[in-house]
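Bear in mind that the values here come from a model prediction, so they are computed numbers and not experimental data.
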Amino acid sequence: MGRKKSFDEQSVIDAAIAVFSEHGYAGTDVGLVCERANIGRSSFYNTFDSLDAVFLRALRDYTATGIPLREELNHSAEPAPVLLMHRLGGALEKQCEDENRTGCLSANTAAELGREVDAVCSILDPDRDAWLDTYSTVLERGQEAGHIRADLDARVHAQLIHSVLAGLRIAARVMTEDQVLAQARAFVAGLCTPAGQAALGPDHSAPSLDSHTEGSTAR
C-alpha cells in the first residue's frame, strides 16, 4: 500500500507559480520549488512526473485565473474606458503590491521562451486569444456607446492593449506605481472620445467595479 501524501498537491503548484514567476523557466529547479512548497524531493517525484510537467500545470492554472475577470469585463455595464483602466491599472497595482514586482507568469514566459516550446504555446495562445476577444468586445461596446473612437479597428487595438499591458508590466519592475498607472491612463484616454475621457475621469488609480470579484485582477 502506498504512503498517503502529507501535502496538498495544489499548494505545490501554487508554489511553483510563484517560483517560475520570479526565476523564469530556465532559472527554476526542483530544489527551489520544494523549498517554497516545504516538501522534500522524494515527495515531489512521488507525485509529479517532472519539473516540466509542473511548469505546464502551473502555467495552465495561472492562465485560468484570468477567466473571472474576462467574464466581468464581458458582461459589466460600466463604460468601456472604465473597464479598460480597471484591467490595465488593476494588473499593474497588483504587481506593484509585490515587493519583487515579478509580474505575470504568462507574460514572463512569453518573453523568455517565445514560440520555442509547443506545449507552452498550446496554453498561451488560447489564453491570449480569449483576452483579445474580450478587449474587442469591450471596445466595440464602447464605440456603440460613443465612449471609444469610431475610427479605431477594434481587433487591432485589442492586440495593442495586450501589448501595452505587457510592456507596462516590464516598466512596473523599475518605475513607481504612479508612473505606470499614469501611462496606462494616458493610453486608455487616447482610445476615447471626449465623452469617454469624461467617463474615465482624472484620477490616476485603477477604478473598482461594482461587480468586481475578489482576486479577479490577479493577472
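The environment of CZ in Phe187 is crowded: more than 12 heavy-atom neighbours from other residues, nucleotides or ligands sit within 6.0 Å. The environment of CG in Asp133 is crowded: more than 12 heavy-atom neighbours from other residues, nucleotides or ligands sit within 6.0 Å.
Classified by interplanar angle (parallel below 30°, tilted 30° to 60°, perpendicular above 60°), the ring pair His162/Tyr135 is tilted.
Atoms CG and SG, from Asp127 and Cys121 in turn, are 12.5 Å apart once rounded to the nearest 0.5 Å. One distance of note links CG of Leu132 with CZ of Arg155; it measures 4.5 Å at 0.5 Å rounding. Atom OG1 in Thr28 sits 7.0 Å away from atom CG in Leu51 (nearest 0.5 Å). Separating the CD1 atom in Ile39 from the SG atom in Cys34 is a distance of 4.5 Å, to the nearest 0.5 Å. For the atom pair Ser106 OG and Ile123 CD1, the distance stands at 9.0 Å (nearest 0.5 Å). Note that CZ of Arg141 and CG of Leu83 are 6.0 Å apart. Values are rounded to the nearest 0.5 Å.
At least one donor-acceptor pair closer than 3.5 Å links the side chain of His157 to the backbone N or O of Asp153. Side-chain atoms of Arg185 do not come within 3.5 Å of backbone N or O of Val180 as any donor-acceptor pair. Without hydrogens or angle criteria, Glu177 side chain to Cys96 main chain gives no donor-acceptor distance under 3.5 Å.
Contact annotation: the side chain of Leu139 approaches that of Leu84 to within less than 4.5 Å [non-hydrogen atoms, C-beta and beyond]. Side-chain contact check for Pro79 versus Val82: some heavy-atom pair is nearer than 4.5 Å. Proximity of His86 to Glu78: side-chain heavy atoms (C-beta onward) are nowhere separated by under 4.5 Å.
Looking at every heavy atom in both residues, Ala16 comes nearest to Val33 through CB-CG1, 4.2 Å.
Scored by the side chain to side chain donor-acceptor pair (under 3.5 Å) test, Arg128 finds Asp125 as partners (sequence neighbours excluded). Partners of Thr102 by side chain to side chain donor-acceptor pair (under 3.5 Å), not counting sequence neighbours, listed by chain and number: Asp98. Considering only residues two or more places apart in sequence or on other chains, Glu22 meets the salt bridge (charged side-chain N to carboxylate O under 4.0 Å, His left out) condition with Arg36. Residues passing the side chain to side chain donor-acceptor pair (under 3.5 Å) test with Glu35: none are found, sequence neighbours excluded. Applying the salt bridge (charged side-chain N to carboxylate O under 4.0 Å, His left out) test to Arg60 and every residue at least two apart in sequence or in another chain returns nothing.
A salt bridge (Lys or Arg N to Asp or Glu O under 4.0 Å) check over residues 37-56, counting only residues at least two apart or in different chains, returns nothing.
Under a hydrophobic-cluster definition in which Ile, Leu, Val, Met, Phe, Trp and Tyr are linked whenever side-chain heavy atoms come within less than 4.5 Å, directly or via other members, Phe48 and Val117 are assigned to the same cluster.
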